[in-house]
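One structure is given here, and the rest of the page talks about it.
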Amino acid sequence: MDATAKPLRIPPEMAVYAEEHKVFDIIQKMVERLLVDRPENTIQYLIDHLRNDNDEVPRIFVLGPPASGKHTMAKLLCKRLNATHITLENLLSNDVSALVKEAHSYKDKGQGWILEGFPRTREQALLLQMNGNIPDHVVVLDAPDIVLIERNMGKRIDRRNGEIYHTTFDWPDDPEIQDNLVEPEGISEEETGQALLVYHRHIPGILCTYLKVHKKINADQPCMDVFSQVLTFVLSKPRSVAPYTPRVLLYGPPGSGRGLQASLLSQKYGLVNICCGQLLKEAVANESKYEELIGPYIENSQQAPNNIVLKILLERLSRLDSAMNGWVLHGFPRDTEQASLLNDAGFMPNRVFFLDIPDFTAIERLSYRMTDPVSGERYHSIYKPAPGVDVHQRLQQNPKDSEDQVQARLEMYHANAEDLEEFYQDVIHVNADQDPYTVFEFIESCIIKPLPKSVPGDPASP
């Protein structure tokens, strides 16, 4: 880089490396830990921190009023995320200092933990923060008080191991367990009401402490529905303050709206809209050095050789505006060979969207559209009919929009779609058979939000 030139031009490879290895996030976390722990030996502390810290390790609080299902959710999360379950009851001491020490030991080992039912006051939350125990996610289970009172009155505990059961929702089949169940203290209607008053008094202060990392989830629904929402939340990643340059790839069958979505992204966020087919046409129209090479292919509606297409495409992707503003690419790659060539050249998309529509929708969208040769306006027999008989009579159809041609292009798409999805592991499928602005909102949200964490053993994990 030339330090005298403004603005500084950062090579694309540097940005890709920094994003892939989360360099900015690592630096931010190191600074945070230094300020919290204030170690004497700074260098050794940073070495230990880098060795132990793992972004995928869960640090989760599960909070909620009595009988909201905290214990069940915490156990399910521990089993799914392979984390350690921490409660006040399973510690040797019930004081806060013991809990702080316990959570801190798991953090030092790089081991994930899920803390159930704590903190109970804002003061306890601040004490945990002061000792460096900061959760990534705070799950707050919520339900109407009348539901919670009814639930709590049916709670039973196995006196041998402390396991919790319920007379309605979780009654054991084993007669031996049934004989050892006892009614715990403090579950009467009056006592539960008092506990709810205490909870409602303290929870606003706790939530203020974890303002950006908590989420309330309705616990008055089937257990697995609650768990599904909880799991989705804890697998989400917080927004990063690291510089982020979108590199978006749109892939889909003909008529799926790739060009429109690329145009909308370009208009709103300034991404460079790169349509491979349009680039080739511009190369011919501008009488560039590639005109003689690709001209015959364009005239005969044939696919140009990969090496020529790639050279033209890389020239556009390498320009300063693409490197600084990001890009949205469509029309390339069409198969895994082209995808490999693009990746080998160092241009790897960080968001890949598959726009899905049924074949009959693609045929309907394309085979019924025609163009007015006088005005250049495009019409559609169903969605945008010609305004008059004269206009309708002079409409012409592009040969590639005939039903036979569209069907042939669809077959080519289906032949390569599965292999491309396997090549790009984090593919995001979009239902493109709906209003285009609804499609855009979904694509926009997926670009802005970080990709969710993968769970070890999950079939969706790479």
Side-chain angles (χ1 to χ4, degrees), residues 29 33 52-122 124-129 131-143 155 157 161-165 170 199 202-203 206-207 209-219 223-238 452-458 461:
K29 281 192 173 183
R33 301 313 312 169
N52 295 330
D53 191 64
N54 185 347
D55 222 13
E56 305 303 324
V57 168
R59 303 176 184 88
I60 302 167
F61 289 174
V62 180
L63 306 179
S68 58
K70 300 185 294 294
H71 187 72
T72 302
M73 285 302 114
K75 287 200 302 182
L76 289 172
L77 284 174
C78 288
K79 183 177 180 180
R80 184 66 186 273
L81 304 178
N82 194 25
T84 301
H85 187 185
I86 306 176
T87 66
L88 282 175
E89 289 74 16
N90 65 13
L91 296 174
L92 295 176
S93 171
N94 281 340
D95 58 41
V96 178
S97 61
L99 187 63
V100 168
K101 184 177 180 182
E102 182 83 0
H104 213 70
S105 67
Y106 290 120
K107 181 196 64 149
D108 291 339
K109 299 172 187 174
Q111 185 177 355
W113 45 262
I114 296 174
L115 180 55
E116 175 201 335
F118 195 89
R120 296 175 177 175
T121 65
R122 177 173 170 80
Q124 293 172 348
L126 294 174
L127 181 59
L128 286 173
Q129 282 191 344
N131 285 273
N133 293 297
I134 303 172
D136 299 317
H137 299 87
V138 177
V139 176
V140 183
L141 302 176
D142 194 29
K155 185 185 296 184
I157 294 180
N161 54 25
E163 282 296 312
I164 299 175
Y165 296 91
D170 187 21
Y199 171 81
H202 290 291
I203 192 63
I206 297 174
L207 298 187
T209 309
Y210 304 114
L211 198 58
K212 296 183 179 181
V213 296
H214 84 267
K215 182 175 182 179
K216 282 190 176 183
I217 293 177
N218 178 21
C223 177
M224 295 316 296
D225 290 347
V226 178
F227 177 64
S228 175
Q229 295 176 41
V230 170
L231 185 63
T232 300
F233 170 59
V234 300
L235 292 181
S236 65
K237 295 182 180 179
K453 301 175 184 177
S454 58
V455 180
D458 194 320
S461 301

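With sequence neighbours excluded, no residue forms a ring-ring contact (aromatic ring centres under 6.0 Å, His included) with Tyr199. Here Tyr210 pairs with Phe61 under the ring-ring contact (aromatic ring centres under 6.0 Å, His included) rule; sequence neighbours left out.
Considering only heavy atoms from C-beta on, Val234 stays 4.5 Å or farther from Asp136 through its side chain. Ile60 places a side-chain heavy atom less than 4.5 Å from the side chain of Leu81.
Atom CZ of Arg122 is separated from atom CG of Leu207 by 10.5 Å, given to the nearest 0.5 angstrom. Taken to the nearest 0.5 Å, the CD1 atom of Ile203 stands 7.0 Å off from the NZ atom of Lys216. Considering CZ of Arg59 and CG of Asn133, their distance stands at 9.5 Å, rounded to 0.5 Å. Summarising the geometry, atom OG1 belonging to Thr209 is positioned 11.5 Å from atom CD1 belonging to Ile134; distances are rounded to the nearest 0.5 Å.
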Which donor-acceptor pairs under 3.5 Å do side chains of residues 65-78 form with protein atoms, sequence neighbours excluded?
residue : atom : partner : partner atom : Å
Ser68   : OG   : Pro65   : O            : 2.8
Lys70   : NZ   : Gly64   : O            : 3.2
Lys70   : NZ   : Pro65   : O            : 3.1
His71   : ND1  : Glu116  : OE1          : 3.1
Lys75   : NZ   : Glu163  : OE1          : 3.1

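With hydrogens and angles ignored, the 3.5 Å screen pairs no side-chain donor or acceptor of Ser228 with any backbone N or O of Met224.
Closest non-hydrogen pair, Val138 versus Phe233, comes out as O-CE2, 3.6 Å.
Each of Leu115, Leu141, Asp142, Ile206 was evaluated against Leu63; a single residue qualifies, Ile206, per the side chain to side chain contact (heavy atoms under 4.5 Å, CB included) test.
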Which is it for Phe118 and Leu128 under the side-chain contact (heavy atoms from CB on, under 4.5 Å) test, yes or no, and what are the steps along the way? CA-CA 10 Å; Phe118 195 89; Leu128 286 173; 3.8 Å; yes
